[in-house]
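A short write-up of the structure that comes next.
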Amino acid sequence: MLSQNWMERADKVVMQTYGRQPLVLVKGEGCRVWDDAGKEYLDFLAGLAVCNLGHAHPEVAAAAAAQMRQLVHTSNIYYTTPMVELAEELVRHSFADRVFFANSGAEVNEGAIKLCRKYARERYGPGRHNIISMRNSFHGRTLGALSATGQDKFWQGFEPLLPGFIFVPFNDLAALEKATEVGACAVLLEPIQGEGGVCLPDPGFLAGVRQICDKKGLLLVVDEVQTGLGRTGRLFAHEHYGVKPDVMTLAKALANGLPMGALLATEQVAQAFVPGTHASTFGAGPVIATAAKTAFGILSNPDFLAAVREKGDYLGQKAAVLAKKLPVVKEVRGLGLIWGLELTQEGGAVVNACRERGLLINCTQGNILRFLPPLVVSQEEIDRGLEILAASLGAVFP
Ligand SMILES: *Cc1c(COP(=O)(O)O)cnc(C)c1O
């Protein structure tokens, strides 16, 4: 079989860092992808919250292709125009005044760690370098971002990690306040924990974190790598909770499939970075920045975001109805178009059953099915996806 052949070849020469699903994808359009045998799938994962505008978005593709023929790379030794326009748009639509561009989520979280340390060092002198992070969080796989990630299963074999991180339970303001007592410069959190299993903040939690940060002189850093750029039905998830961070990281959906990360900060905090303190060779190259600028123009449209909220409510309500009928579903939770279905049992077999029936989802933390459809998903596609899910759950847990 052709497909088997690609997988065998990959497994011989590619490092075995992923438990890949047995699927070779060759084409995508909107919310659908096709494998090398021509079978069609409804994609409710969107490349892990990356293709928010769907696969092969025509406007993004055309803009990036045109830029590809004009100017691809210059390094950040020079000014380029798409980068300026993108930064202006990000600043115009957020709390932030300045942006630093890199190429991935982990990389901009590294930048955030450096920025917070440098800012605190200049403001308070040495000794306030600790970053308070959440248990069950996910911030990336590079050493700094990994050290900030509150799941020790990801640390195994890589110790010693970077010192200077303190972990507290998500939604525990008392533990957070206590952790501020020893040399902290910042609190780092995902407004909704994605990889951790679509864990939502309790009402008042983020506002409480903001208050503690203000009282203790700490920076609030939100990692919106997964939740940002329309995923929750607002441009940025923290907007739902009425808080303003000092620093924010974005990546995944920023260029709708091309690799890009952005570190955003207020003027005061951004001043800690001066020439020579941080850099990226590829950051905001003209092609990526053009793709991102085009995607952002669509994602930031209030009507587009309102439609995401509407479709998200629809998906959530339908999933809740389904869950009521199935004892294996413990809880359904989410916001906008990020949803988790917590099962009372392991969910890997459900992912496989869905795939066999033409629906792509994934399972995180062993028992939480995660749905991250492209934000352009239609009501009919949501209906179809949930039909396949119901059939698959029924087949695996009869
Ligand atoms: C995916 C993710 C990251 C890591 O992004 P990469 O681009 O894979 O480095 C960081 N933080 C959050 C919240 C994520 O979901």
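Bear in mind the structure is a predicted one, so any value in this text is a computation, not a measurement. Excluded from the calculations below are hydrogen atoms, water molecules and symmetry mates; all remaining heavy atoms, backbone and side chain alike, are included.
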Residue pair Phe170 / Arg135, side-chain heavy-atom distance below 4.5 Å: no

Closest heavy-atom pair and its distance - Ala253, Asn52: CB-ND2, 3.3 Å

Atom pair CG/CG of Leu386 and Leu359 - distance to nearest 0.5 Å: 8.5 Å

Step-by-step side chain to side chain contact (heavy atoms under 4.5 Å, CB included) determination, Leu235 to Leu305: CA-CA 7 Å; Leu235 192 49; Leu305 293 167; 4.2 Å; yes

Check: Gln156 side chain, Asp152 main-chain N or O, donor-acceptor pair, under 3.5 Å: yes

Nearest-0.5 Å distance, CZ of residue Phe282 to OG of residue Ser104: 12.5 Å

Lys330, NZ atom: more than 12 neighbouring heavy atoms under 6.0 Å: no

Backbone of Pro82 reached by a side-chain donor or acceptor of Thr80 within 3.5 Å: no

Min side-chain heavy-atom separation His240-Ile192 under 4.5 Å: no

Separation of Gln211 CD from Lys216 NZ (nearest 0.5 Å): 12.5 Å

Chi angles and distances behind the salt bridge (Lys or Arg N to Asp or Glu O under 4.0 Å) call for Glu177, Lys215: CA-CA 10 Å; Glu177 179 126 32; Lys215 196 164 84 183; 2.7 Å; yes

Cluster link Leu360 to Val350, ILVMFWY, side chain under 4.5 Å: no

Geometric class of the Trp155/Phe167 ring pair [parallel <30°, tilted 30-60°, perpendicular >60°]: tilted

Gln365/Gln151 under side chain to side chain donor-acceptor pair (under 3.5 Å): CA gap, chis, key distance, verdict: CA-CA 11 Å; Gln365 303 293 327; Gln151 300 187 63; 2.9 Å; yes

Backbone N/O of Asn362 and side chain of Arg370: donor-acceptor pair under 3.5 Å: no

Centroid-centroid distance, Phe205 to Tyr241, less than 6.0 Å: no

Contacts of type side chain to side chain contact (heavy atoms under 4.5 Å, CB included), residue Arg121, not counting sequence neighbours: Pro126

Sub-4.5 Å side-chain heavy-atom contact between Asn130 and Thr180: no

Backbone N/O of Ala306 and side chain of Lys311: donor-acceptor pair under 3.5 Å: no

Donor-acceptor pair, side chain of Lys118 and main chain of Ala272, under 3.5 angstrom: yes

Any donor-acceptor N/O pair, Lys114 side chain to Thr277 backbone, under 3.5 Å: yes

Stepwise side chain to side chain contact (heavy atoms under 4.5 Å, CB included) check, Val351 with Gln21: CA-CA 9 Å; Val351 172; Gln21 297 193 25; 3.3 Å; yes

Any donor-acceptor N or O pair under 3.5 Å, side chains Glu110, Thr142: yes

Distance-minimising heavy-atom pair for Asn136 and Cys199: ND2-SG, 3.6 Å

Atom pair CD1 (Ile132) and NZ (Lys178), whose distance is rounded to the nearest 0.5 Å: 11.5 Å

Same apolar cluster (I L V M F W Y, side chains within < 4.5 Å links), Leu250/Leu48: yes

Backbone of Ala265 reached by a side-chain donor or acceptor of Arg98 within 3.5 Å: no

Pairs where residues 54-67 contributes a residue and the test side-chain hydrogen bond (donor to acceptor under 3.5 Å, both in side chains) is met, not counting sequence neighbours: Asp43-His55

Test side chain to side chain contact (heavy atoms under 4.5 Å, CB included) applied to Thr266 and Phe95, step by step: CA-CA 7 Å; Thr266 60; Phe95 70 92; 4.0 Å; yes

Ala255 versus Val60, closest heavy-atom pair with distance: O-CG1, 4.4 Å

Charged tip of Arg355 within 45° of Tyr41 ring normal and under 6.0 Å: no

Shortest non-hydrogen contact between Asn76 and Thr281, atoms and distance: ND2-O, 4.1 Å

Asp223-Asn109 side chain donor-acceptor pair, cut-off 3.5 Å: yes

Transitive ILVMFWY side-chain link Val376 to Phe44, under 4.5 Å: yes

Name of the residue among Ile113, Leu263, Val108, Leu188 meeting side-chain contact (heavy atoms from CB on, under 4.5 Å) with Val247: Leu263

Sole residue of Leu218, Leu220, Val222, Asp214 in side-chain contact (heavy atoms from CB on, under 4.5 Å) with Val209: Leu220

Common cluster, Val33/Leu42, ILVMFWY with side-chain heavy-atom separation under 4.5 Å: no

Taking every non-hydrogen atom, the tightest pair across Ile288 and Met260: CG2-CB, 3.5 Å

Under 3.5 Å donor-acceptor, Arg357 side chain and Ala353 backbone: yes

Same apolar cluster: Tyr314 and Trp339, side chain cutoff 4.5 Å: yes

Pairwise distance OG(Ser133) to CG(Leu176) - rounded to 0.5 angstrom: 10.5 Å

Heavy-atom side-chain proximity of Val72 to Pro286 below 4.5 angstrom: no

Any donor-acceptor N/O pair, Glu224 side chain to Leu229 backbone, under 3.5 Å: no

Which atom of Ser280 lies closest to which atom of Gly283, heavy atoms considered: OG-N, 3.0 Å

Side-chain touch Arg210/Asp246, heavy atoms, less than 4.5 angstrom: yes

Salt-bridge present (Glu381, Arg384; N to O < 4.0 Å): no

Side-chain heavy atoms of Phe154 within contact of Leu146, under 4.5 Å: yes

Value rounded to 0.5 Å, distance of CD in Glu190 from OG1 in Thr249: 9.0 Å

Pair Phe236-His93, ring pair (Phe, Tyr, Trp, His ring centres under 6.0 Å): steps then yes or no: CA-CA 9 Å; Phe236 307 114; His93 285 88; 8.5 Å; no

Glu346/Asn367 under side chain to side chain donor-acceptor pair (under 3.5 Å): CA gap, chis, key distance, verdict: CA-CA 5 Å; Glu346 293 281 304; Asn367 66 327; over 6 Å; no

Any side-chain heavy-atom pair of Lys293 and Met83 under 4.5 Å: no

Aromatic ring pairing Phe100/His278, orientation class (parallel under 30°, perpendicular over 60°, tilted between): tilted

Close side-chain approach of Leu389 to Leu341, heavy-atom, < 4.5 Å: yes

Donor-acceptor contact present, side-chain Thr149 to main-chain His139, <3.5 Å: yes

